[in-house]
Amino acid sequence: MHTQGRMSVLRVLISINIMVSASTNSSLMDRQQRSFILPVEANTSLSKPVDTKAVLSCPRITQKAVLVTIRWEIILRDKPSCTRAYRRDTNETRAINCSDETISWDSRPDRNPALQIDPVAITHDGYYRCEVVTTHGHFYHGYHLTALVPPEVTLFQLENGTIVCRAAAGKPAAQISWTPGGDCHTVEESLGNDTVTVQSLCRWKDHRVSNVSCSVSHLTGNRSLSIELNQGVIVLEFPPSTLLIVLYVKFSLFLVILIIVGFIYFQRIKDCSPFFNVQALLTPESPGRDACSPGQNLLIHYTDS
């Protein structure tokens with residue numbers, strides 16, 4: 001009986017030992033696998049203002065992973081794909097179809113495989129992808145790069161009193177708002193290089209408004225400009241039909257006055273012309289006209305002689 005009891009206890013202990021050993025080995029394998037797992041692929045959207053520097057990084061690798069090669073693939077609009085690569089065993093770098101000198105390695109690729117763009121331009125809009133090949137696999141990180149262009153902001157007043165706020169050649173299009181709000185109209189004009197000019201025209205019927213502000217919102221930063229309204233400018237709020245009637249009446253009145261003045265002028269010339277008064281001067285009963293005295297005196301002097 002004692003022998004059977006000892007055998008049963010021994011079997012239980014052996015079973016427990018096997019289970020613990022299996023659990024320990026499984027945990028070790030899981031930890032080893034997790035230490036080798038890297039982010040396989042990721043993509044990032046990146047916006048950078050023009051005339052600044054952009055640095056694009058490759059995915060990091062663990063210390064246990066041995067680097068084999070690094071390859072940057074650059075895809076720009078309307079240009080052939082550019083490839084920059086580094087091979088660790090030969091410590092060699094290559095560039096294929098890469099003519100843009102502003103795109104280069106940020107430093108030595110064996111130390112830091114990041115790519116730099118200095119300075120950023122509108123033509124650098126595109127997709128940049130880094131491929132890292134290690135002894136543990138291939139890993140990728142891509143960037144959708146967008147170049148930002150700050151708009152040129154101006155604020156001025158037209159002769160008719162309208163205030164104009166203009167955000168010229170911005171990328172993307174700017175947003176314009178007014179303080180205080182008025183009767184405003186905003187238009188956009190797309191330019192050929194992906195930039196947009198936004199123009200807002202505003203008027204205020206409340207004559208108590210003396211100062212207005214234009215606020216321009218953009219991804220590169222916000223700006224605000226103010227202007228004093230020109231109180232000397234009087235804006236007539238006539239409907240188009242009423243304005244045409246006023247202009248027609250003024251023109252008709254001017255035409256009548258012109259006809260009357262012309263009639264008086266030509267009548268005066270007729271009365272004073274010597275060709276029309278010869279008969280009157282030769283007739284003794286017809287008195288001479290004072291208004292035509294120069295011509296009349298000349299004819300009388302000729303008769304007496």
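Source: prediction; values computed, not measured.
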Drop me the distance from [X]'s [atom1] to [Y]'s [atom2], to the nearest 0.5 angstrom.
| X | Y | atom1 | atom2 | result |
| --- | --- | --- | --- | --- |
| Thr154 | Arg166 | OG1 | CZ | 5.5 Å |
| Thr69 | Glu131 | OG1 | CD | 6.0 Å |
| Ser81 | Arg129 | OG | CZ | 10.5 Å |
| Asn160 | Leu158 | CG | CG | 5.5 Å |
| Arg223 | Cys214 | CZ | SG | 9.5 Å |
| Leu56 | Leu46 | CG | CG | 6.5 Å |

Among Ile, Leu, Val, Met, Phe, Trp and Tyr joined by side-chain contacts under 4.5 Å, find the other residues sharing a cluster with [X] and list them by chain and number.
| X | value |
| --- | --- |
| Val187 | none |
| Val149 | Val50, Ile122 |
| Ile257 | Leu253, Val261 |
| Ile259 | Leu255 |

Could you verify whether a donor N or O on one side chain and an acceptor N or O on the other, from [X] and [Y], lie under 3.5 Å apart?
| X | Y | value |
| --- | --- | --- |
| Thr186 | Ser200 | yes |
| Tyr140 | Asn43 | no |
| His218 | Thr220 | yes |
| Ser213 | Ser224 | no |

What is the minimum heavy-atom distance between [X] and [Y], and which atoms define it?
| X | Y | value |
| --- | --- | --- |
| Pro49 | Val120 | O-CB, 3.8 Å |
| Ala147 | Ala121 | CB-O, 3.3 Å |
| Trp178 | Cys184 | CD1-SG, 3.5 Å |

Practice item. Without swapping roles, check the side chain of Trp72 against the backbone of Cys82 for a donor-acceptor pair under 3.5 Å. Key: no

**Study point:** Under 3.5 Å: donor-acceptor pair, side chain of Thr134, backbone of Val66
**Key:**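 Judged by distance alone, no pair lies under 3.5 Å.
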
Spell out, yes or no, whether [X] and [Y] are grouped together once hydrophobic residues are joined by side-chain heavy atoms under 4.5 Å, including indirect joins.
| X | Y | result |
| --- | --- | --- |
| Leu145 | Leu148 | no |
| Leu191 | Val198 | no |
| Ile96 | Leu115 | no |
| Phe139 | Val68 | no |
| Leu76 | Val55 | no |

Check your understanding: Sequence neighbours excluded, which residues qualify as ring pair (Phe, Tyr, Trp, His ring centres under 6.0 Å) partners of Tyr86?
Key -> none

Side chains of [X] and [Y] in contact at under 4.5 Å (non-hydrogen atoms):
| X | Y | answer |
| --- | --- | --- |
| Ile103 | Glu101 | no |
| Asn222 | Val216 | no |
| Thr44 | Tyr128 | no |
| Thr102 | Asp118 | no |
| Leu229 | Ser210 | no |
| Val212 | Ile227 | yes |
| Leu67 | Val132 | yes |
| Leu201 | Ile163 | no |

Practice item. For Arg71 and Cys130, run side-chain contact (heavy atoms from CB on, under 4.5 Å): C-alpha distance rounded to whole Å, both residues' side-chain angles, the deciding distance at 0.1 Å, then the answer. Key: CA-CA 6 Å; Arg71 188 171 71 95; Cys130 178; over 6 Å; no

**Study point:** Test: Arg87 and Asp110 ion pair at under 4.0 Å
**Key:** no

Review point. Charged N to carboxylate O under 4.0 angstrom, Asp125 versus Lys48?
Key: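 Salt bridge absent between Asp125 and Lys48.
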
Exercise for review: Start with the C-alpha distance between Asn97 and Thr83, add both sets of side-chain angles, then the distance that settles side-chain contact (heavy atoms from CB on, under 4.5 Å), and finish with yes or no.
Suggested key: CA-CA 7 Å; Asn97 292 331; Thr83 300; over 6 Å; no

Exercise for review: Report the residues that fulfil side chain to side chain donor-acceptor pair (under 3.5 Å) with Arg111, sequence neighbours left out, ordered by chain and then residue number.
Suggested key: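 Result, side chain to side chain donor-acceptor pair (under 3.5 Å) vs Arg111: none returned.
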
Review point. Crowded around Gln116 CD? As in, over 12 foreign heavy atoms under 6.0 Å?
Key: yes

Review point. Any chance the SGs on Cys202 and Cys165 are under 2.5 Å from each other?
Key: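 Judged by the SG atoms alone, which are 2.5 Å or more apart, Cys165 and Cys202 are not bridged.
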
Review point. How about His141 and Tyr143: are their ring centres within less than 6.0 Å of each other?
Key: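 For His141 and Tyr143, the ring centres are under 6.0 Å apart.
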
**Study point:** Criterion side-chain contact (heavy atoms from CB on, under 4.5 Å) on His144 and Thr146, from CA distance to verdict
**Key:** CA-CA 7 Å; His144 296 277; Thr146 301; 5.8 Å; no

Exercise for review: Applying side-chain contact (heavy atoms from CB on, under 4.5 Å) between Val196 and each of Glu189, Lys171, Glu188, report the one that passes.
Suggested key: Glu188

Exercise for review: Take Ile117 and Asp100, measure what side-chain contact (heavy atoms from CB on, under 4.5 Å) needs, and give me the verdict at the end.
Suggested key: CA-CA 10 Å; Ile117 307 172; Asp100 193 338; over 6 Å; no

